[in-house]
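Here's the structure, in structure tokens; my notes come after.
Keep in mind the model is a prediction, meaning the values are calculated, not measured. Lettering of chains follows the sequences in order, A, B, ..., and the numbering in each one begins at 1. Heavy-atom basis, side chains included; hydrogens, waters and symmetry copies ignored.
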Amino acid sequence: MKIIDKEGKVYECPEEEVLHVIRHSTAHVMAQAIQRLYPEADFAYGPATERGFYYDVDLGDKKLSDEDLANIEAEMKKIVKENLPIKPFILPRDEAVKLMHDRKEKYKEEHIGDLPEDAVISFYQQGDYIDMCIGPHVTYTKALKAFKITGQSGAYWKNDAKNKMLTRINGVAFTSQEELAEYEKMMEEARARDHRKIGKEMSLFMTDDLIGKGLPMFLPKGYTVWQELENYIKEKERKLGYQHVMTPCVGTVSLYETSGHWAHYKANMFPAMEVEGESFVLRPMNCPHHMMIYANKPHSYKELPIRIGEIAHDFRFESSGTLKGIERGRHFCQNDAHLFVTPDQIKSEVSKVVDLIFDVYKDFGIENYRCVLSLRDPADTEKYHPDDEMWNTAEDALRQVLRDIGIEFTEEIGEAAFYGPKLDVNVKPAVGAEYTLSTCQLDFCLPAKFDLKYIDSESNEKTPVVLHRAILGSLDRFMAFIIEETKGKFPVWLAPLQVKVLPVSEKTLEYASKVNEALENANVRTQLDDRNEKIGYKIREAQQVDRAPYMLILGAKEAEEGIVSVRYRDNNETESMKLEEFIEKVTKEIATRAR
RNA sequence: GCUGGAAUAGCUCAGUCGGUAGAGCACUUCACUCGUAAUGAAGGGGUCGUCAGUUCAAGUCUGAUUUCCAGCUCCA
């Protein structure tokens with residue numbers, strides 16, 4: 001594919017850039033179509049994205065309907081058919097400003113003002129449409145063969161909520177219709193594994209308007225999964241010397257004023273409750289509670305590290321637009337822990353936390369994740385505790401530990417917590433944007449605020465360092481992730497229903513209920529389908545709705561010989577074995593948490 | 001919170017020009033007694049998210065509101 005750069009040089013597009021150029025050029029064609037249909041439209045940014053492109057446009061008071069979007073797409077196809085040549089030109093800064101000013105492109109004009117003095121300001125033109133852009137682009141509009149407008153949304157000018165909200169029109173673009181069709185198929189599959197959909201199908205959790213938005217409730221099956229996750233992670237933590245505590249979901253406002261959270265995150269907490277002259281809030285996190293537990297008695301350096309863990313209920317007043325099933329609600333349970341350590345224990349403790357994270361990921365088969373070292377933005381003195389030395393020490397320490405451990409990570413400025421830098425491990429769910437699953441934060445700040453102490457070997461009072469960490473993140477979010485990873489086909493130990501017992505007819509119901517009872521006695525989560533239905537019907541439901549890892553098909557043959565016919569969820573194969581043999585197999589898989 | 005879209009039976013959805021509310025699945029009952037992804041028949045089930053308005057008449061039109069969805073902003 002031939003492309004053209006801003007100097008007008010035409011050349012063959014490198015393979016790896018083809019999609020990007022196509023998407024960027026498609027954004028221009030969409031803008032041209034919008035300009036034809038809405039001459040008053042004023043364009044802001046219109047870049048290529050991971051899957052396509054968007055253009056942010058100021059349409060004044062005009063609201064776009066789905067029909068309008070279809071019209072824009074139709075106009076785009078027309079422009080492609082017209083096969084307009086796409087030509088670049090370069091203007092000196094003042095002429096560029098004048099051109100944009102004359103064309104009433106106030107966003108582009110402002111954009112030029114933001115560019116450095118020596119910037120080369122280039123434009124691309126196709127037909128009447130001119131866009132300020134550094135390119136490169138395809139040479140003719142007919143090069144764009146497969147695109148689709150996927151929707152619209154609001155987006156702030158320069159991503160700042162203080163600015164005007166523009167209309168963002170999103171689209172996807174590919175090199176061929178086949179690729180576009182493939183993408184649409186993939187999107188459909190992604191929607192099918194959405195945890196909200198599967199959660200409903202499997203009766204894992206529910207929401208209700210009367211309970212309140214962002215407050216999902218776990219049903220018996222969902223809570224079974226939840227409890228298994230809780231037991232799993234607590235077991236791991238106990239082996240690593242964590243001590244678990246239970247602390248209340250409410251605390252005084254003073255507690256959060258002491259920690260600094262009140263100043264930083266008041267807006268994201270449920271408002272304070274006044275009782276008997278005192279103010280209380282639902283807690284948004286557990287650090288202060290754990291700090292007070294540490295402060296409950298004096299500590300010797302010999303006791304450190306002290307690792308305090310809790311599966312803790314937290315409440316955050318998340319913006320209504322960000323709520324998403326159990327992935328992000330206003331109530332959730334953190335797999336939280338605070339490690340109180342001496343400075344020379346930082347490295348080994350961070351290292352153990354990192355090991356635990358990857359150990360857990362291995363158990364769950366999580367392979368697609370990204371490690372980020374989140375640092376402060378030194379310019380943001382409002383968010384970040386202004387103590388350069390403290391920050392430099394903490395950031396250098398954490399960076400060095402991560403390097404020593406040898407994990408790959410990228411650094412992101414301005415992503416740190418207000419009290420310290422952190423390692424975030426991010427994953428991408430089937431549906432929606434990447435989010436943080438695990439985190440390990442290094443904190444020199446809160447221990448000082450709470451005046452925490454330990455006595456060192458020379459009888460001096462010292463301030464411990466705190467590591468905040470969450471491995472499963474929140475159990476709710478982790479469950480959402482696992483549902484989407486497995487499409488609800490949980491490993492045996494996590495499955496809410498592990499075995500479904502299916503008599504072929506009522507003649508073998510008695511034998512089936514004996515088998516069911518034997519499984520129950522072995523602590524296997526089992527259910528007997530005693531309905532008067534055909535075996536194919538029962539299998540279908542057990543497999544498609546319950547997603548039971550094992551189905552036991554029990555007919556005359558099995559009853560006679562005292563065996564069970566095992567049908568496997570994951571490969572649809574069947575195998576006969578003795579009941580005792582099956583129980584041993586299943587209970588072993590459960591005990592070892594086999595994947 | 002913001003921009004746009006949606007809301008009809010437990011679930012998935014149809015409902016034309018404003019004229020008494022529909023299907024499949026699920027559920028109940030009956031028959032069949034069944035061998036590896038849906039046996040047949042009958043029956044019950046809806047203030048069409050909520051509140052106003054327009055109209056002789058509203059699931060359908062208007063407004064407000066609630067919740068959900070896509071995205072933006074945010075995420076200690």
Side-chain angles (χ1 to χ4, degrees), chain A residues 54 56 59 63-66 68-69 150-157 159-170 191 194 196-197 200-201 203 206-214 256 259-269 283-288 314 316-325 328 332 334 336 374 383 415-420 422 424 431-433 435-436 439 441 443 445-446 468 470 477 502-509 531-545 551-558 565-569 572-574:
Chain A
Y54 65 77
D56 286 348
L59 292 165
K63 312 267 185 226
L64 294 179
S65 64
D66 286 355
D68 294 330
L69 293 180
T150 52
Q152 60 172 321
S153 64
Y156 302 104
W157 168 233
N159 271 352
D160 189 335
K162 289 194 270 299
N163 288 335
K164 179 167 185 179
M165 180 168 275
L166 309 171
T167 304
R168 174 168 297 179
I169 306 175
N170 299 284
R191 276 191 293 275
D194 189 323
R196 292 164 294 191
K197 184 179 153 75
K200 197 182 244 183
E201 269 170 27
S203 301
M206 62 170 281
T207 53
D208 188 277
D209 290 3
L210 199 54
I211 301 295
K213 70 163 107 175
Y256 295 98
S259 68
H261 288 101
W262 187 249
H264 287 277
Y265 300 105
K266 191 179 158 188
N268 291 312
M269 292 163 73
R283 71 165 170 203
M285 92 296 298
N286 326 294
C287 329
D314 291 330
R316 295 182 184 178
F317 192 73
E318 304 284 7
S319 310
S320 56
T322 62
L323 303 173
K324 190 181 172 196
R328 192 161 177 195
F332 60 98
Q334 261 195 334
D336 202 10
S374 298
K383 177 171 177 184
E415 294 292 316
F418 76 85
Y419 47 71
K422 53 183 182 165
D424 285 329
V431 182
Y435 54 72
T436 299
T439 186
Q441 313 174 353
D443 179 8
C445 181
L446 294 187
H468 307 238
R477 174 173 287 187
L502 309 175
V504 169
S505 80
E506 284 184 354
K507 283 181 185 163
T508 48
L509 186 54
R531 291 175 306 173
N532 195 0
E533 296 288 352
K534 285 196 157 184
I535 191 68
Y537 177 87
K538 294 184 193 176
I539 287 171
R540 188 185 158 275
E541 190 177 276
Q543 187 141 333
Q544 215 166 67
V545 182
M551 287 152 268
L552 297 185
I553 317 284
L554 305 176
K557 182 166 167 272
E558 286 78 12
S565 178
V566 185
R567 186 187 158 105
Y568 299 94
R569 172 191 65 191
N572 291 345
E573 279 173 20
T574 314

### Query
Counting any heavy atom closer than 4.0 Å, what does E558(A) reach on the DNA or RNA strands: base, sugar-phosphate only, or nothing?
base

### Task
Could you state the atom-to-atom distance from NZ of K538(A) to P of C34(B) in whole Å?
13 Å

### Query
Counting any heavy atom closer than 4.0 Å, what does H264(A) reach on the DNA or RNA strands: base, sugar-phosphate only, or nothing?
nothing

## Note on the structure
Rounded to whole Å, CG of D209(A) lies from C1' of U67(B) at a distance of 4 Å

### Message
Any side-chain N or O of K164(A) below 4.0 angstrom from OP1/OP2 of C2(B)?
### Response
no

### Query
For the pair made of CG in L509(A) and C1' in C34(B), what is the distance, rounded to whole Å?
14 Å

### Task
May I have the distance from Q544(A) (atom CD) to C11(B) (atom P), rounded to whole angstrom?
18 Å

Name the pairs: protein N/O against N/O of nucleotides 24-32 of chain B, kept only if under 3.5 Å.
residue, atom, partner, partner atom, Å
A26(B), OP1, Y537(A), OH, 2.5
C27(B), OP1, R531(A), NH1, 3.2
C32(B), N4, N532(A), ND2, 2.3

### Task
Let me have RNA chain B in dot-bracket notation, would you? Count Watson-Crick plus G-U wobble pairs, both distances under 3.5 Å, and use [ ] for pairs crossing earlier ones and | for inter-strand partners.
(((((((..((((.....[..)))).(((((.......))))).....(((((..]....))))))))))))....

### Message
For a quick check of understanding: with a heavy-atom distance under 4.0 Å over all strands, which category does L64(A) fall into, base, sugar-phosphate or nothing?
### Response
sugar-phosphate

### Summary
Residues passing the salt bridge (charged side-chain N to carboxylate O under 4.0 Å, His left out) test with K200(A), sequence neighbours excluded, are none

#### Entry: Between P of G4(B) and CG of D56(A), the distance in whole Å
15 Å

Which protein N or O atoms sit under 3.5 Å from an N or O of nucleotides 6-8 of chain B?
none

### Task
Among the candidates A76(B), U36(B), C34(B), find the nucleotide nearest to the side-chain atoms of I539(A).
U36(B)

#### Entry: Chi-angle category of C17(B) [syn within 90° of 0, anti beyond]
syn

Taking N or O atoms only and anything under 3.5 Å, show me the protein contacts with nucleotides 41-49 of chain B, one pair per line.
none

### Task
Report which part of the nucleic acid A556(A) touches: base, sugar-phosphate, or nothing (heavy-atom distance under 4.0 Å, all strands).
base

### Task
Ignoring hydrogens and angles, answer whether the base of U36(B) and the side-chain atoms of S565(A) contain a donor-acceptor pair closer than 3.5 Å.
yes

### Query
Regarding R328(A) and the six-membered ring of Y435(A), is the cationic atom NZ or CZ under 6.0 Å from the ring centre and inside 45° of its axis?
no

### Query
When every nucleotide of nucleotides 69-74 of chain B is labelled 5' to 3' by its protein contacts under 4.0 Å (heavy atoms), B for base, S for sugar-phosphate only, - for none, what sequence of letters results?
SSBBBB

### Task
For U33(B), take OP1 and OP2 only and decide whether either is under 4.0 Å from a side-chain N or O of K507(A).
no

### Task
Indicate, with a heavy-atom threshold strictly under 4.0 Å, whether K534(A) touches base, sugar-phosphate, or nothing.
base

